[in-house]
Protein chains: 2
Amino acid sequence: MNPVQFYKCLADDTRLRTLLLIVHEGELCVCELTAAMDLSQPKISRHLALLRGADLLQDRRQGQWVFYRINPALEGWAKSILQETLQANRHFIEADLRNLIQMGDRPLRATLCC
Amino acid sequence: MNPVQFYKCLADDTRLRTLLLIVHEGELCVCELTAAMDLSQPKISRHLALLRGADLLQDRRQGQWVFYRINPALEGWAKSILQETLQANRHFIEADLRNLIQMGDRPLRATLCC
DNA sequence: GCATTATATATGGAAAATCGCATATTCAAA
DNA sequence: TTTGAATATGCGATTTTCCATATATAATGC
C-alpha cells in the first residue's frame, strides 16, 4: 500500500469520518452511515466505493444491506494509524455517534441473528 | 489540529517525502531537499510554504539557508503518526536518502559550527 | 409469480480545488 | 553592487468533488 494513496483516502472529511466510525463500531451499513453523518446517500456511496477500491474497506452483503468493515488484510501500520487517529480525535465523530445511537430501526447484524 | 487538514498535508508525493526526510534527518534546508528528491526549487518551495502554513514545519534562517524541521509544538499524535509512517515505509525515501548522502557541499549546521 | 418498495451502485457533467511551471521579487552574504 | 538562495504569484492543466439521475438487486406485499 502506497502511503500517499493511503493518506489521500484520509484527506477528506466524509471519508475520514466514515473510516473512524467504522473503526469504532466494527461494521456499519450505508443507511447507518447516512443517518450518522446526515449526508446524501450518493455522496456516501461514492466515497465508500473509493475506499473499497483502495482496499481500505471490505463489503459484505446481508439481505438488503451491505455492511462495510476495515479490510482485515490492510497492512498493520495503516490499521494502527487509523486506531491512533481515532483515539486522539474522538471528538471528531462525537456528534455522528450520537446520531447513530438515536437512529431507530438499525439493521441487525448476522451475529445477533439466530 | 484538524485531522483532515493534517492528512491533506500528507496526501501528496512531494510533501510526504519532504516530511519523512525531515523526520529522518532532523533538519534540512531547501537546497538539500532539492538535491535529494531531484525536483525544481519552486515546486519544493511551494510545498514547504504550505506545510509551514499548516504548522507542520518550522523554519530557521541561518546565513543564506533556511532550515526546516518538524514543528516541536505539533500535537503528539501527529508526530507519532509521522514516525510510524517512516518506520513502515523507509523504502519510500530510500533513493532520496542516497542522493542526499552523495550530495557535495552540504551546508553545515549551527551545531557543527564553532 | 409479479409489482412495489427500499437499498446500493454507476455515470454525466459542472463547479471547485489542487498542482506545477514560468517568472518576478525579496533577502542576505560577499 | 553582484550573486546565490528562498519566496510569491499568475495561470493553464489536471484532478477531485458533488449533484441529479438512472440502473441493479433484494426483500415484501398482493
Side-chain angles (χ1 to χ4, degrees), chain A residues 2 4-19 22 27-54 56-69 100 103-110 113, chain B residues 2 4-19 21-22 27-54 56-69 103-110 113:
Chain A
N2 179 316
V4 172
Q5 281 313 113
F6 176 66
Y7 286 126
K8 270 189 204 293
C9 290
L10 311 203
D12 174 88
D13 192 78
T14 303
R15 289 198 295 270
L16 187 58
R17 280 158 74 196
T18 297
L19 286 169
I22 290 176
E27 197 176 52
L28 286 172
C29 74
V30 179
C31 60
E32 290 172 318
L33 290 166
T34 305
M37 296 190 284
D38 191 26
L39 293 174
S40 76
Q41 174 273 317
K43 179 170 179 174
I44 290 179
S45 187
R46 179 165 283 227
H47 285 293
L48 284 172
L50 191 150
L51 292 173
R52 196 186 44 195
L56 264 68
L57 291 183
Q58 198 185 49
D59 64 338
R60 166 179 81 85
R61 177 175 280 273
Q62 175 190 321
Q64 53 191 149
W65 299 288
V66 175
F67 289 93
Y68 288 88
R69 62 170 61 196
L100 191 58
M103 175 187 179
D105 293 331
R106 285 182 64 181
L108 294 175
R109 307 298 188 273
C113 279
Chain B
N2 179 316
V4 172
Q5 281 313 111
F6 176 67
Y7 287 127
K8 272 189 203 292
C9 290
L10 312 203
D12 174 89
D13 193 78
T14 303
R15 289 198 294 270
L16 187 57
R17 281 158 72 197
T18 298
L19 286 168
L21 283 168
I22 290 176
E27 197 176 53
L28 286 172
C29 74
V30 179
C31 60
E32 290 172 319
L33 289 166
T34 306
M37 296 189 285
D38 191 27
L39 293 174
S40 75
Q41 175 272 318
K43 179 169 179 174
I44 291 179
S45 188
R46 176 166 287 227
H47 286 294
L48 284 173
L50 191 149
L51 292 173
R52 196 187 43 196
L56 264 68
L57 291 183
Q58 198 183 52
D59 65 338
R60 167 177 80 87
R61 177 174 281 274
Q62 176 189 322
Q64 52 192 148
W65 301 288
V66 174
F67 289 93
Y68 288 88
R69 62 171 60 198
M103 174 186 180
D105 291 330
R106 285 181 64 180
L108 294 176
R109 305 299 187 274
C113 277

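So that the names make sense, note that chain A is the first sequence line, chain B the second, and so on, each numbered from 1.
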Of the nucleotides [options], which one has an atom closest to the side chain of [X]?
X	options	value
B:Cys31	C:dG20, D:dA6, D:dT21	D:dA6
A:Ser45	D:dC18, C:dA8, D:dA6	C:dA8
B:Ala49	D:dA6, D:dA8, D:dT17	D:dA8
B:Gln64	D:dT16, D:dG4, D:dA27	D:dG4
B:Tyr68	D:dA6, D:dC18, C:dC19	D:dA6

Between A:Leu33 and A:Leu48, is any pair of side-chain heavy atoms under 4.5 Å apart? yes
Are the side chains of A:Leu50 and A:Arg46 in contact, using a 4.5 Å heavy-atom criterion? no
Would you jot down, in residue-number order, the residues of residues 33-40 of chain A having a non-hydrogen atom under 4.0 Å from DNA chain D? A:Ser40
Between [N] atom [atom2] and [X] atom [atom1], what is the distance in whole Å?
X	N	atom1	atom2	result
B:Asp13	C:dG20	CG	P	9 Å
A:Gln5	D:dT15	CD	C1'	12 Å
B:Asp12	D:dT15	CG	C1'	12 Å
B:Ile44	D:dA5	CD1	P	14 Å
B:Trp65	D:dA6	CH2	P	9 Å
B:Arg60	C:dA28	CZ	C1'	15 Å
A:Lys43	C:dT7	NZ	C1'	20 Å
A:Gln62	D:dA27	CD	C1'	13 Å

Return yes if a side-chain donor-acceptor contact under 3.5 Å exists between A:Gln58 and A:Arg60, otherwise no.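 No, because no side-chain N or O of A:Gln58 sits under 3.5 Å from a partner of the opposite role on A:Arg60.
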A:Arg46 (side chain) and C:dG12 (base): donor-acceptor pair under 3.5 Å: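 Counting by modelled atom types and ignoring angles, a donor-acceptor contact under 3.5 Å is found here.
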Give me the atom names and distance for the closest heavy-atom approach of A:Val4 to B:Ala11. CG1-C, 4.1 Å
From B:Lys8 atom NZ to A:Leu10 atom CG, the distance as rounded to the nearest 0.5 Å: 11.5 Å
Between CG on residue B:Leu16 and NE2 on residue B:His47, distance to nearest 0.5 Å: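 Reported to 0.5 Å precision, the distance equals 12.0 Å.
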Let me know, please, whether A:Pro42 or A:His47 comes out on the 5' side of the other along DNA chain D by nearest nucleotide.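 The residue closer to the strand's 5' end, by nearest nucleotide, is A:His47.
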If each of A:Arg61 and A:Thr14 is mapped to the nucleotide of DNA chain D with the nearest heavy atom, which maps nearer the 5' terminus, i.e. the 5' end? A:Thr14
Testing A:Leu28, A:Leu56, A:Ile22 one by one against A:Tyr68 for a side chain to side chain contact (heavy atoms under 4.5 Å, CB included), which residue passes? A:Ile22
